[in-house]
Amino acid sequence: MEQRHLGRTGLRVSRIGLGTLTWGRDTDEHDAADVLKTFWEAGGTLVDTADVYGDGDAEYLLGRLMDGLVPRRDLIISTKAGSVPDPDRRYDGSRGHLLAALDASLARLGTDHVDLWQVHAYDAGTPLEETLQALDIAVTSGRARYAGVANFCGWQLAKAATWQLAAPGTRTRLAATQMEYSLLQRGVEREVLPAALDLGIGLLPSSPLGRGVLTGKYRGEALPPDSRGASDHFGLFVEPYLDDTASRIVDAVSTAADGLAVTPLQVALAWVRDRPGVSAPIVGARNAQQLTAALSVEALSLPDEICRALDDVSAPVHRYPDHDWSTL
């Protein structure tokens with residue numbers, strides 16, 4: 001699998017990443033082992049997790065598999081901290097919480113460091129410089145090799161990255177930002193992606209298949225019984241992408257797939273993988289069969305005319321001030 005630099009850093013990652021959101025809950029140890037081995041054998045390196053995935057079980061399971069199945073040195077492990085199961089406070093970006101969460105993640109993963117550590121979300125209740133100091137401490141202490149953020153909007157990302165760049169050699173520059181990005185969700189193109197490109201931050205798209213909708217599995221009237229859309233955990237997560245607008249985009253993806261003799265999954269994933277600024281889409285396969293289907297995109301590059309057609313049918317509305325005013 002082709003490797004790419006993560007933003008403007010020396011870290012290289014596989015251009016498709018493996019997500020573990022369902023590990024320890026919907027994906028058991030047997031399936032997780034098959035998935036990880038399949039990913040590794042295909043040349044994949046970037047494995048993404050978080051301390052809250054499966055209430056910590058995803059990290060624990062990944063640690064067990066690294067202990068005997070796949071060598072730790074062959075993987076780029078990324079985890080996140082900052083989300084908390086508190087109805088009154090969804091995010092905790094305090095230095096104390098973040099560093100304690102990192103230590104707990106390292107214990108579950110059975111490793112002395114992670115390759116990329118990200119703040120899971122912006123915490124308006126904590127001074128940003130305090131949150132960012134936790135990243136600096138993590139890197140200088142050797143517990144993390146690189147640092148980043150996730151789910152920061154444009155101004156939050158730009159402020160954080162600029163703060164870090166203001167003291168080179170003292171503060172850790174942001175290497176990555178993880179955001180949802182697909183043909184069904186192009187909101188990051190308004191401000192987040194331009195900021196990331198300008199500041200040298202690599203984008204790691206989550207849900208690159210539109211929460212599974214872009215595979216075409218939801219084109220019928222009824223929800224497939226084994227799909228995320230029909231599950232108690234993810235039903236409400238998938239529902240927003242089952243409207244008429246999404247249906248038109250899925251139809252266009254399917255038409256392109258028919259013309260290229262490939263699958264809608266391959267078309268949708270190739271589109272987001274090759275967008276400017278993207279380092280590696282994160283694919284959350286539940287089993288090895290699903291992952292193999294996603295990894296088959298490695299040999300596919302979409303023709304320019306197909307890309308333009310998909311751009312047009314999925315184009316988000318950009319109005320002042322999100323768009324260059326001189327072109328309006």
Side-chain angles (χ1 to χ4, degrees), residues 15-19 21-22 26-27 35 39 48 178-189 192-193 203-231 233-317:
R15 64 175 181 168
I16 297 291
L18 175 63
L21 175 64
T22 63
D26 301 318
T27 301
V35 166
F39 184 66
D48 178 75
Q178 188 167 332
M179 300 286 291
E180 184 171 352
Y181 187 29
S182 73
L183 279 162
L184 296 184
Q185 178 52 271
R186 295 176 60 183
V188 296
E189 294 178 6
V192 173
L193 192 50
L203 180 66
L204 300 174
S206 58
S207 295
L209 298 174
R211 307 181 183 183
V213 175
L214 288 165
T215 64
K217 69 173 67 175
Y218 297 102
R219 296 184 77 188
E221 293 294 329
L223 294 175
D226 62 341
S227 67
R228 291 183 181 181
S231 74
H233 294 310
F234 294 105
L236 293 177
F237 183 64
V238 174
E239 185 179 2
Y241 292 164
L242 299 178
D243 60 9
D244 291 341
T245 299
S247 180
R248 287 193 297 272
I249 296 171
V250 173
D251 286 345
V253 170
S254 297
T255 298
D258 290 342
L260 295 171
V262 296
T263 65
L265 179 154
Q266 290 173 305
V267 170
L269 189 55
W271 180 88
V272 70
R273 180 199 64 196
D274 295 334
R275 297 294 286 179
V278 168
S279 293
I282 306 298
V283 175
R286 286 181 294 164
N287 53 54
Q289 183 179 7
Q290 286 185 350
L291 179 62
T292 299
L295 295 180
S296 66
V297 76
E298 180 65 18
L300 176 65
S301 294
L302 298 180
D304 289 343
E305 59 271 24
I306 295 292
C307 288
R308 287 194 295 269
L310 294 174
D311 289 350
D312 289 344
V313 75
S314 64
V317 176

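Residue numbers count from 1 along this sequence.
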Quick one: side chain to side chain donor-acceptor pair (under 3.5 Å) partners of Asp251, sequence neighbours excluded?
Arg219

Minimum-distance pair of heavy atoms, taken over all atoms of Ile282 and Gln178
CG1-NE2, 4.4 Å

Going by salt bridge (charged side-chain N to carboxylate O under 4.0 Å, His left out), name the residues that satisfy it together with Asp258, two or more places apart in sequence or in a different chain.
none

Rounded to the nearest 0.5 Å, what separation is found between the CG atom of Leu183 and the CG atom of Leu269?
10.5 Å

What pairs with Glu189 under side-chain contact (heavy atoms from CB on, under 4.5 Å), at least two apart in sequence or on another chain?
Tyr181, Arg186, Leu193, Trp271, Arg275, Pro316, His318

Under the 3.5 angstrom rule, does the side chain of Gln266 hit a backbone N or O of Thr263 as a donor-acceptor pair?
yes

For Leu209 versus Ala268, what's the shortest heavy-atom pair and its separation?
CD2-CB, 4.0 Å

Sequence neighbours excluded, the answer for side-chain contact (heavy atoms from CB on, under 4.5 Å) partners of Glu180 is Gln185, Ser206, Ser207, Arg211, Tyr241

If I take atom CG from residue Leu184 and atom CZ from residue Arg248, how far apart are they, to the nearest 0.5 angstrom?
11.5 Å

Between Thr292 and Gln289, is there a side-chain heavy-atom distance shorter than 4.5 Å?
no

With side chains defined as the heavy atoms from C-beta onward, is the minimum distance between Leu302 and Leu260 less than 4.5 Å?
yes

Tightest non-hydrogen contact, residues Leu300 and Ala270, listed as CD2-CB, 4.0 Å

Does the side chain of Ile16 reach to within under 4.5 Å of the side chain of Pro281, using non-hydrogen atoms?
yes

Would you mind reporting whether Asp48 and Leu204 have side-chain heavy atoms less than 4.5 Å apart?
no

Can you give me the closest heavy-atom contact between Pro208 and Leu214, atom names plus distance?
O-CD1, 4.0 Å

What is the minimum heavy-atom distance between Ala293 and Leu265, and which atoms define it?
O-CD2, 3.6 Å

Side chain to side chain donor-acceptor pair (under 3.5 Å) partners of Thr27, counting only residues at least two apart:
Thr22

Could you check if a side-chain atom of Pro264 sits within less than 4.5 angstrom of a side-chain atom of Val250, using non-hydrogen atoms only?
no

Min side-chain heavy-atom separation Arg15-Asp274 under 4.5 Å:
yes

Shortest non-hydrogen pair, Ala285 vs Leu291, comes out as CB-N, 3.5 Å

Phe39 meets the ring-ring contact (aromatic ring centres under 6.0 Å, His included) criterion, sequence neighbours left out, with none

